[in-house]
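Starting from 1, each residue takes its place in the sequence as its number. What's counted below: heavy atoms across the whole structure, side chains too, no hydrogens, waters or symmetry copies.
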Amino acid sequence: MTVIPEGVIAAFEQHLLLEKGRSPHTVRAYLADLRGLQDYLMSAGVDGPGDVRLADLRGWLGAQGDAGASRSTISRRSAAAKTFFRWAVRHGHVAADPSLRLVAPGKAHHLPGVLKKEQAGDLMTLAAVASDDADPVHVRNRAMLELLYASGMRVGELTGLDVDDVDLQTETARVLGKGDKERIVPFGAPAAEAIDLWVRTARPALVTTVSGPALFLGRRGRRVDQRQVRSSLQALLAHLPDIPHLGPHGLRHSAATHLLDGGADLRTVQELLGHASLATTQIYTHVSVERLRSAYQQAHPRA
């Protein structure tokens, strides 16, 4: 016997996918968290979802901490439980929400590695040199990295692009972000040049019957995946000295940082990155000491 019936879990899964628009990865994580909660509740002798109390949820999270789970993992599991019980109340599966006063430790925000402007330039130069051999994949890699750094888009947004999503005339891309929210992001001339070269000369060499409208393709003609983007980036970084370890997310962070250092305001960076909250942008980005000092000297009456 289960505490939460399988039919209820299946309905919750559909809610996350269809109504909330959560990614398949997030849905899998939430369902795994919910099943972990179910195992804990069964061992605690809880009979059904309506019998769950706040103390049960606190005990579950406490057990996660004792087992060595990170703060971010515990925070996500707390969010999964709160999301489930809010939904369960609305749909009549439980009479009251036991998670209302559930508090999890805040996430520890670790900034990813960030490239200096000169390092980013060296990376793009290396990608261009590597593409001189006319290997379609190397031409693709250059275009992907130029676009990632130029736009600050997420790697999942990059791999989801179709050919028609990119307008080389206006140097903009139509991006489908988290929660299926669409936004338009600009990119510069180097990225436009690299994408144009890829679309005109290299992409046709990889197109097959399974390619569809995907902008970036793998060697077998299928839409490129995030793992391929990461591998391509790290293969190039291995040839550059004194570069911090980073993945595609690090290019996003580098783009945001360099925009701020160049004088862009936080709201602009928020819109570019597709953050729903300005607080997320403030945590995600950092401003250089030089810019802070310059702003202080210009604005403070006793600077």
Side-chain angles (χ1 to χ4, degrees), residues 1-110 154-157 159-160 175-183 226 249 270 273-284:
M1 180 178 179
T2 59
V3 177
I4 306 171
E6 283 297 321
V8 173
I9 295 177
F12 178 59
E13 179 180 10
Q14 292 304 302
H15 162 72
L16 293 175
L17 286 170
L18 303 180
E19 296 179 32
K20 299 292 286 185
R22 298 292 174 84
S23 70
H25 174 76
T26 299
V27 173
R28 284 194 299 271
Y30 270 34
L31 293 182
D33 293 339
L34 192 57
R35 294 187 188 282
L37 172 60
Q38 169 129 279
D39 292 341
Y40 176 85
L41 294 174
M42 289 176 64
S43 67
V46 177
D47 294 327
D51 299 315
V52 179
R53 299 292 177 261
L54 177 61
D56 297 319
L57 298 177
R58 286 174 172 168
W60 172 56
L61 294 183
Q64 308 301 311
D66 293 341
S70 67
R71 284 158 53 102
S72 60
T73 296
I74 295 173
S75 180
R76 190 203 67 219
R77 288 173 179 168
S78 172
K82 292 172 78 71
T83 301
F84 169 75
F85 281 107
R86 280 198 303 267
W87 170 85
V89 168
R90 289 199 306 271
H91 290 78
H93 298 295
V94 297
D97 184 352
S99 69
L100 283 176
R101 292 187 291 121
L102 184 64
V103 178
K107 291 183 179 179
H109 295 283
H110 300 290
R154 301 175 179 93
V155 64
E157 296 168 345
T159 58
V175 173
L176 192 62
K178 289 186 175 181
D180 289 337
K181 294 181 179 178
E182 187 178 288
R183 70 185 190 279
Q226 297 185 31
H249 196 68
Q270 176 192 3
L273 298 181
H275 285 157
S277 167
L278 187 61
T280 306
T281 310
Q282 289 172 322
I283 294 169
Y284 182 76

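- Judged by distance alone, the side chain of Asp39 and the main-chain N or O of Gly36 form no donor-acceptor pair under 3.5 Å.
- Within the 3.5 Å criterion, the main-chain N or O of Ala79 finds a donor-acceptor partner in the side chain of Thr83.
- Within the 4.5 Å cutoff, the side chain of Ile9 has heavy atoms near those of the Gln38 side chain.
- Within the model, atoms OG1 of Thr73 and CZ of Arg71 stand 11.5 Å from one another, a figure rounded to the nearest 0.5 Å.
- A side-chain donor-acceptor contact under 3.5 Å links Ser23 to the backbone of Thr26.
- Looking at every heavy atom in both residues, Ala81 comes nearest to Trp60 through CB-CZ3, 3.9 Å.
- The shortest side-chain heavy-atom distance between Val175 and Arg154 does not fall under the 4.5 Å cut-off.
- Within the model, atoms CG of Leu57 and NZ of Lys82 stand 9.0 Å from one another, a figure rounded to the nearest 0.5 Å.
- Lys20 NZ to Trp87 CH2: the interatomic distance, rounded to the nearest 0.5 Å, is 13.0 Å.
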Checklist entry - Checking side-chain contact (heavy atoms from CB on, under 4.5 Å) for the pair Arg58/Arg101: CA distance, chi angles, key distance, verdict? => result CA-CA 10 Å; Arg58 286 174 172 168; Arg101 292 187 291 121; 4.1 Å; yes
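- Scanning all heavy atoms of the two residues, the minimum distance from Ser99 to Phe85 falls at OG-CB, 3.9 Å.
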Item to check | Candidate pair Asp33 and Arg76, rule side-chain contact (heavy atoms from CB on, under 4.5 Å), full reasoning | outcome: CA-CA 8 Å; Asp33 293 339; Arg76 190 203 67 219; 2.7 Å; yes
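- Between atom CG of residue Leu16 and atom CZ of residue Arg22 there is a gap of 6.5 Å, rounded to the nearest 0.5 Å.
- For the atom pair Glu6 CD and Arg35 CZ, the distance stands at 4.5 Å (nearest 0.5 Å).
- Within the 4.5 Å cutoff, the side chain of Leu37 has no heavy atoms near those of the Val52 side chain.
- The aromatic rings of His93 and His91 sit parallel to each other, their planes meeting at less than 30°, with 60° as the upper class boundary.
- The nearest pair of heavy atoms linking Leu61 to Ser78 is CD1-CB, 3.9 Å.
- At least one side-chain heavy atom of Leu41 sits under 4.5 Å from a side-chain heavy atom of Asp56.
- Within the 4.5 Å cutoff, the side chain of Asp97 has heavy atoms near those of the Arg86 side chain.
- Relative ring orientation between Phe84 and Phe12 is described as perpendicular, the plane-to-plane angle rising above 60° on a 0-90° scale split at 30° and 60°.
- Separating the CZ atom in Arg183 from the CG atom in Leu176 is a distance of 9.5 Å, to the nearest 0.5 Å.
- A salt bridge does not link Glu13 with Arg28: none of the charged nitrogens is closer than 4.0 Å to a carboxylate oxygen.
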